[in-house]
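Reading through the structure tokens given below for one structure.
Heavy atoms only: backbone and side chains are in, while hydrogens, waters and symmetry mates are out. Labels below follow one simple rule: chain letters A, B, ... track the order of the sequence lines, proteins then strands, and each chain is numbered from 1. These figures come from a predicted structure and were not determined experimentally.
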Protein chains: 2
Amino acid sequence: MERLLQHLKNIYDLNPELQVALQESFQQVSLSKGDYLIREGKTCRHLYFLEQGCLRGFYQVEDREVTHWFGFENDFVTSFHSFITQQPAIENIQLIEDCRLWSISKDRLNGLLASHHKAERLLRMAYEQYYIRLEERYVNAQFKSASELYEDLLDRTPHIIERVPLGYVAAYLGMSQETLSRVRSRLAH
Amino acid sequence: MERLLQHLKNIYDLNPELQVALQESFQQVSLSKGDYLIREGKTCRHLYFLEQGCLRGFYQVEDREVTHWFGFENDFVTSFHSFITQQPAIENIQLIEDCRLWSISKDRLNGLLASHHKAERLLRMAYEQYYIRLEERYVNAQFKSASELYEDLLDRTPHIIERVPLGYVAAYLGMSQETLSRVRSRLAH
DNA sequence: CATATCTTTTGATATTGGTCAAAAAAACGG
DNA sequence: CCGTTTTTTTGACCAATATCAAAAGATATG
């Protein structure tokens with residue numbers, strides 16, 4: 001749990017009461033590679049903090065899977081759309097490695113937000129960070145070529161290539177696996 | 001200002017004190033078609049609420065402009081990246097029509113957030129909405145063909161086509177102007 | 001209202017990346 | 001280890017979209 005608290009402190013300082021409340025609110029969850037954290041169609045009632053491991057979010061589009069996101073250590077994980085609106089998720093989240101997570105229910109989180117102004121601030125600031133990140137990825141994805149996208153990934157998030165099968169990475173970058181493979185071989189020579 | 005208060009009430013109820021504080025914190029701004037609200041390189045110190053009119057955000061990429069976003073009535077407008085981090089903006093925001101806006105400075109906003117738990121909540125919930133919207137657009141943009149993107153736009157945000165020059169719309173959809181034109185003519189026949 | 005300017009369309013051609021199929025390489029289980 | 005399965009690469013071909021150039025249409029301005 002130290003890692004979660006430290007992560008929150010990096011967003012904005014924690015006061016001792018909130019720290020205690022947080023410790024009482026999160027529960028540890030351990031899951032294995034291949035397990036699903038969230039399944040399409042189920043409403044997502046928990047927010048998770050990923051302490052160790054990595055996972056992917058993907059859509060089932062007709063007969064194939066389209067990975068659109070990866071989570072690593074220190075990421076908050078959920079189907080945001082489902083968790084926020086409490087509608088059924090349209091995506092799946094599946095573990096790429098064994099993971100250790102901390103989980104908090106929506107109700108419990110709402111309790112924290114209602115009773116701690118600072119919790120509300122923390123979450124607001126976390127959303128700010130996530131919003132900026134997503135915006136950056138969006139612009140990137142839309143306006144760059146396959147090889148630019150791959151080189152950017154190498155620059156900015158090299159851990160993705162190291163820990164994730166290339167098929168998932170290709171979908172994440174919005175290209176076919178074959179194209180990614182060709183981009184890589186061109187770059188190597 | 002009624003429109004702004006109503007919009008905030010739609011996100012989450014306002015108490016009277018916060019309502020007064022908001023009224024004292026926002027200032028009206030009127031600008032003309034073609035004017036810039038934000039210029040690349042300048043740090044963005046204000047958040048705006050767009051009461052009337054429409055505008056676009058665009059990047060200057062080498063020798064051309066890439067429009068990536070439109071704002072309409074009831075949208076909050078700023079370069080979020082710059083406003084949040086207080087780093088120089090990497091995008092421009094320019095008016096497509098004459099606009100009436102309400103503006104609040106970052107400092108003033110921080111004051112409101114510090115003194116009103118409910119302001120913090122409102123902003124957090126606004127970010128939630130904006131996050132979901134962006135995520136939806138992202139997945140859309142990445143995994144659909146030109147004509148699907150255009151038909152989606154017709155379905156979901158027809159006001160964009162009615163009020164924005166097609167050149168900007170094409171960039172927003174991530175295709176060339178010529179491709180958009182051809183998609184439209186195929187659809188018409 | 002005529003000219004200049006800006007926006008949209010159309011045509012010809014080039015490029016990028018997709019798909020299908022198969023080979024090669026790597027990882028996995030007994 | 002060895003065979004099996006999964007992942008990655010390679011090749012041939014095709015489709016979608018980009019680019020460049022020019023025409024047509026719309027809008028604005030003196």
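In summary, B/Glu91 and B/Arg39 do not engage in a salt bridge, as defined by a charged side-chain N under 4.0 Å from a carboxylate O. For the pair B/Glu136 and B/Arg156, the salt-bridge criterion is met [side-chain N within less than 4.0 Å of a carboxylate O]. One finds no salt bridge joining A/Arg100 and A/Glu73 here, because no Lys/Arg side-chain nitrogen approaches an Asp/Glu carboxylate oxygen to under 4.0 Å. One finds no salt bridge joining B/Glu128 and B/Arg121 here, because no Lys/Arg side-chain nitrogen approaches an Asp/Glu carboxylate oxygen to under 4.0 Å.
The CZ-C1' distance, from B/Arg186 to C/dT10, rounds to 13 Å in whole Å. Rounded to an integer number of Å, the gap from CD of A/Glu65 to C1' of D/dT6 is 14 Å. To the nearest angstrom, P of C/dT9 lies 12 Å from CG of B/Leu187.
A donor and an acceptor atom, one from each side chain of B/Trp102 and B/Gln27, are nowhere located under 3.5 Å apart. With hydrogens and angles left out, the side-chain atoms of B/Tyr127 and A/Arg124 include no donor and acceptor closer than 3.5 Å.
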Task: A/Ser105/A/Arg45 under side-chain hydrogen bond (donor to acceptor under 3.5 Å, both in side chains): CA gap, chis, key distance, verdict - done: CA-CA 6 Å; A/Ser105 72; A/Arg45 306 206 187 279; over 6 Å; no
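Of the inter-residue distances, the one linking A/Gln94 atom CD with A/Thr67 atom OG1 reads 8.5 Å to the nearest 0.5 angstrom. Expressed to the nearest 0.5 Å, how far CG of A/Asp152 lies from OG1 of A/Thr157 amounts to 8.5 Å. Between B/Leu173 atom CG and B/Arg137 atom CZ the span is 8.5 Å, to the nearest 0.5 Å. Note that the CE atom of A/Met125 and the CG atom of A/Leu123 stand 11.5 Å from one another [nearest 0.5 Å].
Listed in residue order, the members of residues 161-171 of chain B having a heavy atom less than 4.0 Å from DNA chain D come to none. Residues from residues 176-184 of chain A that place a heavy atom under 4.0 Å from any atom of DNA chain C, listed by number: A/Ser176, A/Glu178, A/Thr179, A/Arg182. Near DNA chain D, meaning a heavy atom under 4.0 Å away, the residues from residues 139-146 of chain B are B/Ser145, B/Ala146.
End-to-end axis angle of the helix from C/dC1-D/dG30 to C/dG30-D/dC1, from C1' rotation axes over five pairs per end: 50° (rounded to 10 degrees).
Of the possible polar contacts, none joining the A/Glu24 side chain to the A/Ala21 backbone as a donor-acceptor pair under 3.5 Å is found.
For A/Tyr59 and A/His68, the ring centers are positioned less than 6.0 Å apart.
Applying the ring pair (Phe, Tyr, Trp, His ring centres under 6.0 Å) criterion to B/His7, with sequence neighbours excluded, gives B/Phe49, B/Phe76.
Grouping the Ile, Leu, Val, Met, Phe, Trp and Tyr side chains by contacts below 4.5 angstrom, directly or via other members, places B/Phe143 with A/Leu134.
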Sub-3.5 Å pairs of nitrogen or oxygen atoms, protein against nucleotides 25-30 of chain C:
none

